> 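The structure follows.
The shown structure was predicted, so the numbers you read here are calculated from the model rather than taken from an experiment.
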Amino acid sequence: MPSFWRATRFRVAVTAFAASAVALGAVSVWFVLQARGRLETAAAQLAGAHADAIVQLLNTGARPADLPLLVRDSIYEVKDQRGASLASCPVLREATLAAYGTDVTLRPYQYDRSAPATVGCAPELRGLDDDLTVHVVHADSGDSKYEVFAGAQLDPEGQAAVDSARTALAAGVPAVALLIGVIAWLAVRRSLRPVEAIRGEVAEIGAHDLGRRVPDPRTGDEIARLAGTMNTMLARLDEAVTRQSRFTSDASHELRTPLASLRTQLEVLLAHPDRLDWRRSCENALLDVTRLQDLVADLVLLGKLDHAGAGRPAPVALSEVVGAVVAGRSGIDVEVTGTPVVRGHRSRLERLVRNLVDNAQ
(Lines give C-alpha, C1' and ligand atoms only; values in the text may rest on other atoms or scores of the structure.)
Protein backbone atom coordinates (compact mmCIF):
# COMPACT_ATOMS: atom_id res chain seq x y z
CA MET A 1 0.00 0.00 0.00
CA PRO A 2 1.70 3.25 -1.06
CA SER A 3 1.97 6.02 1.46
CA PHE A 4 -0.65 8.75 1.40
CA TRP A 5 1.89 11.36 0.30
CA ARG A 6 2.91 9.28 -2.71
CA ALA A 7 -0.61 8.32 -3.75
CA THR A 8 -1.69 9.38 -7.21
CA ARG A 9 -4.84 11.07 -5.98
CA PHE A 10 -2.86 13.17 -3.50
CA ARG A 11 -0.35 14.30 -6.13
CA VAL A 12 -3.13 15.14 -8.59
CA ALA A 13 -5.02 17.05 -5.90
CA VAL A 14 -1.92 19.06 -4.95
CA THR A 15 -1.21 19.79 -8.62
CA ALA A 16 -4.81 20.91 -9.20
CA PHE A 17 -4.69 23.10 -6.09
CA ALA A 18 -1.39 24.74 -7.07
CA ALA A 19 -2.40 25.26 -10.71
CA SER A 20 -5.80 26.71 -9.82
CA ALA A 21 -4.28 28.94 -7.14
CA VAL A 22 -1.74 30.34 -9.61
CA ALA A 23 -4.33 30.80 -12.37
CA LEU A 24 -6.99 32.32 -10.13
CA GLY A 25 -4.39 34.49 -8.39
CA ALA A 26 -3.13 35.83 -11.72
CA VAL A 27 -6.67 36.54 -12.90
CA SER A 28 -7.49 38.25 -9.59
CA VAL A 29 -4.41 40.46 -9.74
CA TRP A 30 -5.23 41.36 -13.34
CA PHE A 31 -8.83 42.18 -12.39
CA VAL A 32 -7.82 44.41 -9.46
CA LEU A 33 -5.18 46.20 -11.53
CA GLN A 34 -7.66 46.77 -14.35
CA ALA A 35 -10.27 48.15 -11.94
CA ARG A 36 -7.68 50.38 -10.29
CA GLY A 37 -6.47 51.51 -13.70
CA ARG A 38 -9.99 52.50 -14.75
CA LEU A 39 -10.39 54.55 -11.57
CA GLU A 40 -7.07 56.31 -12.19
CA THR A 41 -7.97 56.93 -15.85
CA ALA A 42 -11.27 58.55 -14.87
CA ALA A 43 -9.54 60.68 -12.22
CA ALA A 44 -6.80 61.65 -14.68
CA GLN A 45 -9.36 62.77 -17.25
CA LEU A 46 -11.16 64.87 -14.64
CA ALA A 47 -7.89 66.35 -13.33
CA GLY A 48 -6.83 67.12 -16.90
CA ALA A 49 -10.07 68.97 -17.51
CA HIS A 50 -9.51 71.04 -14.36
CA ALA A 51 -5.90 71.78 -15.40
CA ASP A 52 -7.03 72.89 -18.86
CA ALA A 53 -9.65 75.21 -17.33
CA ILE A 54 -7.06 76.81 -15.04
CA VAL A 55 -4.59 77.22 -17.90
CA GLN A 56 -7.26 78.96 -20.00
CA LEU A 57 -7.98 81.35 -17.14
CA LEU A 58 -4.29 82.14 -16.72
CA ASN A 59 -3.84 82.62 -20.47
CA THR A 60 -6.74 85.10 -20.54
CA GLY A 61 -5.00 87.31 -17.96
CA ALA A 62 -6.28 85.96 -14.67
CA ARG A 63 -3.86 86.12 -11.78
CA PRO A 64 -3.10 83.08 -9.61
CA ALA A 65 -4.43 85.05 -6.61
CA ASP A 66 -7.80 85.32 -8.37
CA LEU A 67 -8.16 81.59 -8.92
CA PRO A 68 -9.86 80.84 -5.56
CA LEU A 69 -12.67 83.16 -6.67
CA LEU A 70 -12.83 81.84 -10.25
CA VAL A 71 -12.32 78.12 -9.76
CA ARG A 72 -14.80 76.03 -7.83
CA ASP A 73 -14.75 72.44 -6.67
CA SER A 74 -11.17 71.80 -7.77
CA ILE A 75 -7.87 70.72 -6.25
CA TYR A 76 -4.96 72.60 -7.80
CA GLU A 77 -1.65 74.33 -7.27
CA VAL A 78 0.01 77.01 -9.43
CA LYS A 79 3.76 77.57 -9.29
CA ASP A 80 6.01 80.03 -11.06
CA GLN A 81 9.11 79.22 -13.08
CA ARG A 82 11.26 79.20 -9.93
CA GLY A 83 8.97 76.63 -8.29
CA ALA A 84 7.40 78.95 -5.77
CA SER A 85 3.78 78.19 -4.99
CA LEU A 86 1.54 81.10 -6.04
CA ALA A 87 -1.87 79.62 -5.32
CA SER A 88 -3.23 76.31 -4.14
CA CYS A 89 -6.49 74.81 -3.09
CA PRO A 90 -6.38 73.65 -0.43
CA VAL A 91 -3.78 75.97 1.07
CA LEU A 92 -0.85 73.59 1.48
CA ARG A 93 1.50 73.97 4.43
CA GLU A 94 3.95 71.07 4.53
CA ALA A 95 3.68 69.59 1.06
CA THR A 96 2.79 70.48 -2.51
CA LEU A 97 1.04 68.57 -5.25
CA ALA A 98 4.15 68.83 -7.40
CA ALA A 99 6.23 67.09 -4.75
CA TYR A 100 4.41 63.82 -5.36
CA GLY A 101 3.98 61.48 -8.25
CA THR A 102 0.78 60.68 -10.07
CA ASP A 103 -1.21 59.83 -6.94
CA VAL A 104 -1.18 62.22 -3.97
CA THR A 105 -2.48 61.51 -0.50
CA LEU A 106 -3.76 64.69 1.17
CA ARG A 107 -3.94 64.65 4.93
CA PRO A 108 -5.58 67.24 7.20
CA TYR A 109 -2.24 68.41 8.63
CA GLN A 110 -0.85 69.14 5.15
CA TYR A 111 -3.15 72.09 4.50
CA ASP A 112 -4.81 74.88 6.48
CA ARG A 113 -8.50 74.06 6.73
CA SER A 114 -9.27 77.52 8.15
CA ALA A 115 -7.74 79.43 5.21
CA PRO A 116 -10.27 81.40 3.10
CA ALA A 117 -9.02 79.70 -0.06
CA THR A 118 -10.67 76.45 0.96
CA VAL A 119 -14.07 77.86 0.06
CA GLY A 120 -13.31 77.35 -3.62
CA CYS A 121 -11.90 73.85 -3.22
CA ALA A 122 -13.54 70.57 -3.97
CA PRO A 123 -16.46 69.72 -1.66
CA GLU A 124 -14.79 66.51 -0.54
CA LEU A 125 -12.07 68.57 1.19
CA ARG A 126 -14.49 70.33 3.50
CA GLY A 127 -14.71 68.50 6.77
CA LEU A 128 -11.95 66.10 5.76
CA ASP A 129 -10.86 63.99 8.70
CA ASP A 130 -9.22 61.05 6.87
CA ASP A 131 -6.66 60.78 4.12
CA LEU A 132 -7.77 61.66 0.60
CA THR A 133 -6.09 60.15 -2.49
CA VAL A 134 -6.12 62.34 -5.60
CA HIS A 135 -4.70 61.91 -9.10
CA VAL A 136 -2.46 64.83 -10.17
CA VAL A 137 -1.99 66.11 -13.75
CA HIS A 138 0.71 68.63 -14.71
CA ALA A 139 0.18 71.38 -17.33
CA ASP A 140 1.96 74.60 -18.41
CA SER A 141 0.38 77.93 -19.30
CA GLY A 142 0.66 79.17 -22.85
CA ASP A 143 3.64 81.41 -22.18
CA SER A 144 5.16 78.83 -19.78
CA LYS A 145 4.95 81.45 -17.05
CA TYR A 146 3.10 79.14 -14.70
CA GLU A 147 3.04 75.46 -13.91
CA VAL A 148 -0.37 74.08 -13.06
CA PHE A 149 -0.93 70.91 -11.03
CA ALA A 150 -4.55 69.83 -10.91
CA GLY A 151 -5.89 66.89 -8.93
CA ALA A 152 -9.05 64.82 -8.87
CA GLN A 153 -10.17 62.38 -6.23
CA LEU A 154 -10.40 58.72 -7.15
CA ASP A 155 -14.02 57.61 -7.12
CA PRO A 156 -14.59 56.67 -3.47
CA GLU A 157 -17.31 54.19 -4.28
CA GLY A 158 -15.17 52.59 -6.97
CA GLN A 159 -12.17 52.59 -4.65
CA ALA A 160 -14.25 50.92 -1.95
CA ALA A 161 -15.45 48.35 -4.48
CA VAL A 162 -11.86 47.62 -5.55
CA ASP A 163 -10.78 47.27 -1.93
CA SER A 164 -13.70 44.95 -1.21
CA ALA A 165 -12.90 42.90 -4.30
CA ARG A 166 -9.24 42.68 -3.27
CA THR A 167 -10.20 41.47 0.20
CA ALA A 168 -12.72 38.97 -1.16
CA LEU A 169 -10.30 37.61 -3.73
CA ALA A 170 -7.50 37.34 -1.18
CA ALA A 171 -9.70 35.06 0.89
CA GLY A 172 -11.68 33.48 -1.95
CA VAL A 173 -8.84 32.38 -4.25
CA PRO A 174 -7.24 29.99 -1.70
CA ALA A 175 -10.68 28.68 -0.74
CA VAL A 176 -11.67 28.02 -4.36
CA ALA A 177 -8.26 26.47 -5.11
CA LEU A 178 -8.65 24.20 -2.08
CA LEU A 179 -12.14 23.24 -3.23
CA ILE A 180 -10.79 22.40 -6.69
CA GLY A 181 -8.07 20.28 -5.08
CA VAL A 182 -10.65 18.38 -3.00
CA ILE A 183 -12.84 17.81 -6.07
CA ALA A 184 -9.80 16.55 -7.99
CA TRP A 185 -8.93 14.21 -5.10
CA LEU A 186 -12.46 12.79 -5.02
CA ALA A 187 -12.62 12.45 -8.81
CA VAL A 188 -9.28 10.64 -9.01
CA ARG A 189 -10.21 8.35 -6.13
CA ARG A 190 -13.46 7.46 -7.89
CA SER A 191 -11.63 6.90 -11.19
CA LEU A 192 -9.02 4.64 -9.55
CA ARG A 193 -11.54 2.36 -7.85
CA PRO A 194 -11.61 -0.04 -10.83
CA VAL A 195 -7.79 -0.08 -10.83
CA GLU A 196 -7.77 -1.00 -7.14
CA ALA A 197 -10.33 -3.74 -7.85
CA ILE A 198 -8.11 -5.08 -10.65
CA ARG A 199 -5.04 -4.98 -8.39
CA GLY A 200 -6.84 -6.80 -5.60
CA GLU A 201 -8.12 -9.51 -7.97
CA VAL A 202 -4.68 -10.05 -9.51
CA ALA A 203 -3.13 -10.27 -6.04
CA GLU A 204 -5.52 -13.12 -5.13
CA ILE A 205 -4.98 -15.12 -8.32
CA GLY A 206 -2.54 -17.98 -7.79
CA ALA A 207 -0.82 -20.45 -10.10
CA HIS A 208 -3.69 -22.95 -9.71
CA ASP A 209 -6.45 -20.36 -10.07
CA LEU A 210 -5.72 -18.85 -13.48
CA GLY A 211 -9.31 -19.33 -14.61
CA ARG A 212 -10.33 -16.20 -12.71
CA ARG A 213 -10.55 -12.88 -14.49
CA VAL A 214 -10.30 -9.28 -13.31
CA PRO A 215 -13.51 -7.19 -13.27
CA ASP A 216 -14.17 -5.21 -16.43
CA PRO A 217 -15.68 -1.76 -15.69
CA ARG A 218 -17.05 -1.60 -19.26
CA THR A 219 -16.51 2.15 -19.44
CA GLY A 220 -14.64 2.11 -22.74
CA ASP A 221 -11.76 4.14 -21.31
CA GLU A 222 -8.12 3.38 -20.54
CA ILE A 223 -9.02 1.41 -17.40
CA ALA A 224 -11.39 -0.81 -19.37
CA ARG A 225 -8.62 -1.47 -21.90
CA LEU A 226 -6.25 -2.28 -19.03
CA ALA A 227 -8.76 -4.80 -17.67
CA GLY A 228 -9.09 -6.36 -21.13
CA THR A 229 -5.30 -6.62 -21.47
CA MET A 230 -5.02 -8.21 -18.01
CA ASN A 231 -7.73 -10.77 -18.86
CA THR A 232 -5.99 -11.60 -22.14
CA MET A 233 -2.70 -12.09 -20.30
CA LEU A 234 -4.39 -14.32 -17.72
CA ALA A 235 -5.92 -16.37 -20.54
CA ARG A 236 -2.50 -16.85 -22.12
CA LEU A 237 -1.02 -17.84 -18.77
CA ASP A 238 -3.86 -20.28 -18.18
CA GLU A 239 -3.31 -21.80 -21.61
CA ALA A 240 0.44 -22.07 -21.04
CA VAL A 241 -0.01 -23.74 -17.65
CA THR A 242 -2.58 -26.13 -19.11
CA ARG A 243 -0.24 -26.98 -21.96
CA GLN A 244 2.64 -27.55 -19.55
CA SER A 245 0.46 -29.76 -17.36
CA ARG A 246 -0.64 -31.76 -20.40
CA PHE A 247 2.96 -32.09 -21.54
CA THR A 248 4.02 -33.33 -18.10
CA SER A 249 1.16 -35.83 -18.06
CA ASP A 250 2.05 -37.10 -21.53
CA ALA A 251 5.72 -37.39 -20.61
CA SER A 252 5.04 -39.33 -17.42
CA HIS A 253 2.62 -41.65 -19.23
CA GLU A 254 4.98 -42.37 -22.11
CA LEU A 255 8.03 -42.89 -19.91
CA ARG A 256 6.33 -45.13 -17.35
CA THR A 257 6.13 -48.27 -19.56
CA PRO A 258 9.76 -48.51 -20.79
CA LEU A 259 11.07 -47.60 -17.35
CA ALA A 260 8.96 -50.34 -15.74
CA SER A 261 10.11 -52.87 -18.32
CA LEU A 262 13.75 -51.92 -17.85
CA ARG A 263 13.50 -52.10 -14.06
CA THR A 264 11.77 -55.51 -14.22
CA GLN A 265 14.48 -56.96 -16.47
CA LEU A 266 17.25 -55.64 -14.23
CA GLU A 267 15.56 -56.97 -11.05
CA VAL A 268 15.06 -60.43 -12.59
CA LEU A 269 18.62 -60.45 -13.90
CA LEU A 270 20.01 -59.60 -10.46
CA ALA A 271 17.71 -62.09 -8.70
CA HIS A 272 18.51 -65.02 -11.04
CA PRO A 273 21.88 -64.36 -12.62
CA ASP A 274 22.48 -68.06 -13.34
CA ARG A 275 19.19 -68.68 -15.11
CA LEU A 276 19.15 -65.82 -17.66
CA ASP A 277 21.21 -65.04 -20.68
CA TRP A 278 23.15 -61.87 -19.79
CA ARG A 279 23.72 -60.94 -23.37
CA ARG A 280 20.08 -61.29 -24.26
CA SER A 281 19.06 -59.30 -21.18
CA CYS A 282 21.49 -56.48 -22.03
CA GLU A 283 20.15 -56.35 -25.57
CA ASN A 284 16.58 -56.03 -24.24
CA ALA A 285 17.67 -53.35 -21.80
CA LEU A 286 19.41 -51.51 -24.61
CA LEU A 287 16.21 -51.62 -26.63
CA ASP A 288 14.31 -50.08 -23.69
CA VAL A 289 16.97 -47.39 -23.31
CA THR A 290 16.74 -46.64 -27.03
CA ARG A 291 12.99 -46.42 -26.72
CA LEU A 292 13.39 -44.03 -23.81
CA GLN A 293 15.72 -41.87 -25.87
CA ASP A 294 13.21 -41.80 -28.70
CA LEU A 295 10.42 -40.89 -26.29
CA VAL A 296 12.48 -38.10 -24.76
CA ALA A 297 13.27 -36.78 -28.22
CA ASP A 298 9.59 -36.93 -29.15
CA LEU A 299 8.59 -35.13 -25.95
CA VAL A 300 11.17 -32.43 -26.52
CA LEU A 301 9.87 -32.01 -30.06
CA LEU A 302 6.31 -31.85 -28.73
CA GLY A 303 7.32 -29.09 -26.32
CA LYS A 304 8.99 -27.15 -29.12
CA LEU A 305 5.93 -27.51 -31.33
CA ASP A 306 3.67 -26.25 -28.57
CA HIS A 307 5.73 -23.10 -28.04
CA ALA A 308 6.99 -22.50 -31.56
CA GLY A 309 5.18 -20.63 -34.24
CA ALA A 310 3.72 -22.09 -37.39
CA GLY A 311 6.83 -21.37 -39.46
CA ARG A 312 6.97 -21.36 -43.25
CA PRO A 313 6.02 -24.64 -44.95
CA ALA A 314 7.80 -25.71 -48.13
CA PRO A 315 7.07 -28.33 -50.81
CA VAL A 316 8.22 -31.79 -49.64
CA ALA A 317 8.20 -35.04 -51.66
CA LEU A 318 6.74 -37.77 -49.45
CA SER A 319 8.58 -40.51 -51.40
CA GLU A 320 11.88 -38.98 -50.39
CA VAL A 321 10.80 -38.74 -46.77
CA VAL A 322 9.71 -42.38 -46.63
CA GLY A 323 12.85 -43.54 -48.42
CA ALA A 324 15.06 -41.68 -45.96
CA VAL A 325 13.25 -43.22 -42.96
CA VAL A 326 13.26 -46.86 -44.09
CA ALA A 327 16.76 -46.77 -45.54
CA GLY A 328 18.94 -49.31 -43.78
CA ARG A 329 16.09 -51.09 -41.99
CA SER A 330 15.77 -54.80 -42.62
CA GLY A 331 12.48 -56.59 -42.96
CA ILE A 332 10.58 -53.58 -44.21
CA ASP A 333 9.17 -53.40 -47.71
CA VAL A 334 7.74 -50.05 -48.81
CA GLU A 335 6.05 -49.39 -52.14
CA VAL A 336 5.54 -45.77 -53.16
CA THR A 337 3.12 -45.04 -55.99
CA GLY A 338 3.61 -41.76 -57.79
CA THR A 339 5.48 -38.78 -56.42
CA PRO A 340 3.07 -37.00 -54.03
CA VAL A 341 4.25 -33.58 -52.92
CA VAL A 342 2.86 -31.74 -49.89
CA ARG A 343 3.65 -28.43 -48.22
CA GLY A 344 5.13 -28.85 -44.76
CA HIS A 345 8.32 -29.19 -42.74
CA ARG A 346 10.60 -32.00 -43.87
CA SER A 347 12.09 -32.70 -40.44
CA ARG A 348 8.69 -32.96 -38.81
CA LEU A 349 7.35 -35.17 -41.58
CA GLU A 350 10.35 -37.48 -41.16
CA ARG A 351 9.65 -37.66 -37.42
CA LEU A 352 6.02 -38.54 -38.17
CA VAL A 353 6.88 -41.32 -40.62
CA ARG A 354 9.60 -42.67 -38.28
CA ASN A 355 7.10 -42.90 -35.41
CA LEU A 356 4.62 -44.69 -37.65
CA VAL A 357 7.25 -47.18 -38.81
CA ASP A 358 8.47 -47.78 -35.24
CA ASN A 359 4.91 -48.38 -34.01
CA ALA A 360 4.26 -50.72 -36.93
CA GLN A 361 7.38 -52.74 -36.08
Side-chain angles (χ1 to χ4, degrees), residues 1-43 103 133 154-245 306-307 309:
M1 183 70 179
S3 63
F4 176 78
W5 308 107
R6 296 183 179 180
T8 300
R9 56 179 178 268
F10 175 76
R11 288 185 283 126
V12 172
V14 170
T15 302
F17 169 77
S20 58
V22 172
L24 293 175
V27 172
S28 300
V29 171
W30 175 85
F31 172 78
V32 172
L33 292 178
Q34 289 293 318
R36 175 74 181 187
R38 285 193 293 268
L39 291 178
E40 293 179 352
T41 300
D103 291 334
T133 302
L154 299 180
D155 183 10
E157 295 182 358
Q159 185 65 34
V162 171
D163 294 338
S164 299
R166 184 187 297 110
T167 303
L169 291 174
V173 166
V176 173
L178 181 61
L179 178 61
I180 293 175
V182 172
I183 293 175
W185 188 84
L186 295 175
V188 173
R189 186 182 68 171
R190 180 180 180 86
S191 300
L192 291 180
R193 283 179 181 174
V195 177
E196 183 63 22
I198 293 174
R199 187 204 62 79
E201 186 70 18
V202 172
E204 295 179 0
I205 294 177
H208 301 288
D209 197 16
L210 294 177
R212 297 173 60 177
R213 296 294 181 266
V214 300
D216 188 355
R218 301 185 182 279
T219 55
D221 55 3
E222 293 81 357
I223 298 178
R225 292 196 293 270
L226 173 63
T229 302
M230 293 293 296
N231 288 332
T232 302
M233 181 191 68
L234 290 174
R236 290 199 299 264
L237 288 176
D238 190 15
E239 182 182 357
V241 171
T242 302
R243 186 166 55 244
Q244 182 180 8
S245 177
D306 286 340
H307 295 282

> When rounded to the nearest 0.5 angstrom, what distance separates CZ in Arg166 from CZ in Phe31?
11.0 Å
> Do the side chains of Leu178 and Phe17 get nearer than 4.5 Å, heavy atoms only?
yes
> Looking only at heavy atoms, which two atoms of Glu40 and Leu154 are closest? And how far apart?
CA-CD2, 3.9 Å
> Hey, could you give me the CZ/CD distance between Arg236 and Glu239, rounded to the nearest 0.5 Å?
9.5 Å
> Which atom names give the shortest non-hydrogen contact between Ala21 and Val173, and what distance separates them?
O-CG1, 4.0 Å
> Which atom names give the shortest non-hydrogen contact between Ser20 and Ile180, and what distance separates them?
CB-CD1, 3.6 Å
> To the nearest 0.5 Å, tell me how far Arg36 CZ sits from Thr41 OG1.
11.0 Å
> Testing the basics here: between Ala16 and Gly181, what is the closest heavy-atom pair and its distance to 0.1 Å?
CB-CA, 4.5 Å
> Could you tell me the separation between the CZ atom of Arg38 and the CG atom of Leu33, rounded to the nearest 0.5 Å?
11.0 Å
> On a heavy-atom basis, which atom in Ala35 and which in Val162 lie closest, and how many Å separate them?
CB-CG2, 3.6 Å
> Hey, could you give me the CZ/OG1 distance between Arg11 and Thr15, rounded to the nearest 0.5 Å?
8.0 Å
